[in-house]
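So the structure is just underneath, and the comments pick up after that.
Residue numbers count from 1 along this sequence. Both counts, for ligands and for their atoms, begin at 1 and track the order of listing.
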Amino acid sequence: MKRKAEDSHGAKPVPFWAMGLLKTMKDPKYILNSDNQITIIKDMYPKARHHFLVLPNTDIGSLKTLTKDHVPLLQHMIKFGQNYVEEHHQSVAFKFGYHAEASMFRLHLHIISEDMDSLALKTKKHWNSFTTEFFLNPQQIITDLRENGQVQLPTKEKCKEYMDMPLKCHKCELKPKNMPELKRHLLTHLV
Ligand code: AMP
Ligand code: ZN
């Protein structure tokens, strides 16, 4: 029988594999920095040369369970991530964002370098999850909470549309036919 855990708000049961971030958050090999509120870890399957996740130390399942009260925490997550990359990767360009539909449990902010050069980046879904509107701006999440008290998430249909979008380079107008072509092309953007 599959082991399952309930999220902190009694919403949908979470499959055991989706709880992996909780274990990684406690693994010194992956922890980059932390304070009493949040932890920044290395993504175990980085989709770029540098890929980090910022997570709250308290049990917040996902964007769906956020309220206005979380705004200071969300601001702190962004600031903490910015400080980390400024200190350790000054010359690297990063994007910050949340996946509209996360696969893993515990809220996590992605911090990913713009090269997108990684062996673990294999599928169109991987690509589109970071380069389309599926990748949500963390400032917009804060604005949503301030204005509406909850996050305005794209519908399931819209998310599928983003995932199914034809491949497009995030730096130029090229529309590669497939992932191998895209990955070869990405190398031309590396300095
Ligand atoms: P998301 O689609 O936003 O839920 O992304 C989850 C992220 O967690 C992906 O970038 C994965 O590469 C990463 N990941 C998956 N399992 C683990 C794990 N056990 N520890 C650290 N990172 C993980
Ligand atoms: Zn390009």
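Pocket lining of ligand 1, defined as residues with a non-hydrogen atom under 4.0 Å away: G20, L21, T24, D43, M44, Y45, K47, H51, L53, H99, A102, S103, M104, H108, H110.
Other residues, nucleotides and ligands contribute more than 12 heavy atoms inside 6.0 Å of the NZ atom of K68. Heavy atoms from other residues, nucleotides or ligands lying under 6.0 Å from NZ of K175 number 12 at most.
Residues K95 and T131 form a side-chain contact, since some pair of their non-hydrogen atoms from C-beta on lies under 4.5 Å apart.
Between the SG atom of C172 and the NE2 atom of H185, the angle centred on the Zn ion (ligand 2) amounts to 100° when rounded to 10°.
Between H185 and the choices P176, C169, P180, the side chain to side chain contact (heavy atoms under 4.5 Å, CB included) rule is met once, by C169.
Ring planes of H110 and H99: tilted class, angle from 30 to 60°. In this structure, H189 and H170 have perpendicular ring planes: the angle between them is above 60°, well past the 30° mark.
When all heavy atoms of L167 and W127 are compared, the pair lying nearest together is CD2-CD1, 3.8 Å.
The distance from the Zn ion (ligand 2) to the nearest N/O/S atom of H189 is under 2.8 Å.
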